[in-house]
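Count residues from 1 along the sequence. Scope of the values below: all heavy atoms of this structure, side chains included, with no hydrogens, waters or symmetry mates.
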Amino acid sequence: MKDSEVSPTEPNWLLRAARERVESPDYPGRSLSRVELAEAVCALIWERTGSERALDAHYIAKLERGVVRWPTADYRRGFRDVLHVATDRELGFKNPSSEKQPELPDVPSEPAKDAV
């Protein structure tokens, strides 16, 4: 398949809208940037697991463009906590393997103690 024949992806408007609803900690009155979101999610993962992650603004852009539809479980939990939502579905995350299987209910995230 040639680059010109690649099927377009549907943007993830839910994730972008959720990010834009959260105020930037660095710039009051402005929305959370992709960089700030990535840093906040990485910080939460580090706090919970001691594992360093390489999440960055480029990956957030891929998620928002719909190129990536199902981030890892740690990332999804971090996004839910930072963006103050209870389910993956609220962020537009879709598990590609669930399209072939019966849909299971989302499991709500535990509230974050120090969510950004």
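- Every residue two or more places apart in sequence or in another chain was checked for a salt bridge (charged side-chain N to carboxylate O under 4.0 Å, His left out) with E39, and none qualifies.
- L37 places none of its side-chain heavy atoms less than 4.5 Å from the side chain of R34.
- In this structure, the side chain of T9 engages the main chain of R65 through a donor-acceptor pair within 3.5 Å.
- Judged by a 6.0 Å distance limit and a 45° cone about the ring axis, R76 is not positioned over the six-membered ring of F79.
- Between R48 and D81 a salt bridge is recorded (basic side-chain N to carboxylate O distance below 4.0 Å).
- Salt-bridge formation is not detected for the pair R19/E36: no Lys NZ or Arg NE/NH1/NH2 atom is positioned less than 4.0 Å from an Asp or Glu carboxylate oxygen.
- Taking CG of L55 as the start and CG of L44 as the end, the distance is 11.0 Å to the nearest 0.5 Å.
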Can you list the steps and then say if S24 with D26 is a side chain to side chain donor-acceptor pair (under 3.5 Å)? CA-CA 5 Å; S24 166; D26 296 329; 5.0 Å; no
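- Nearest heavy atoms, A57 versus V35: CB-CG2, 3.7 Å.
- Without hydrogens or angle criteria, N12 side chain to L91 main chain gives a donor-acceptor distance under 3.5 Å.
- Note: R21 CZ to L83 CG = 8.0 Å, rounded to the nearest 0.5 Å.
- Between P96 and W70, the shortest heavy-atom distance links the atoms CD-CB, 3.7 Å.
- For V22 against H84, the heavy-atom pair with the smallest separation is CG2-CD2, 4.0 Å.
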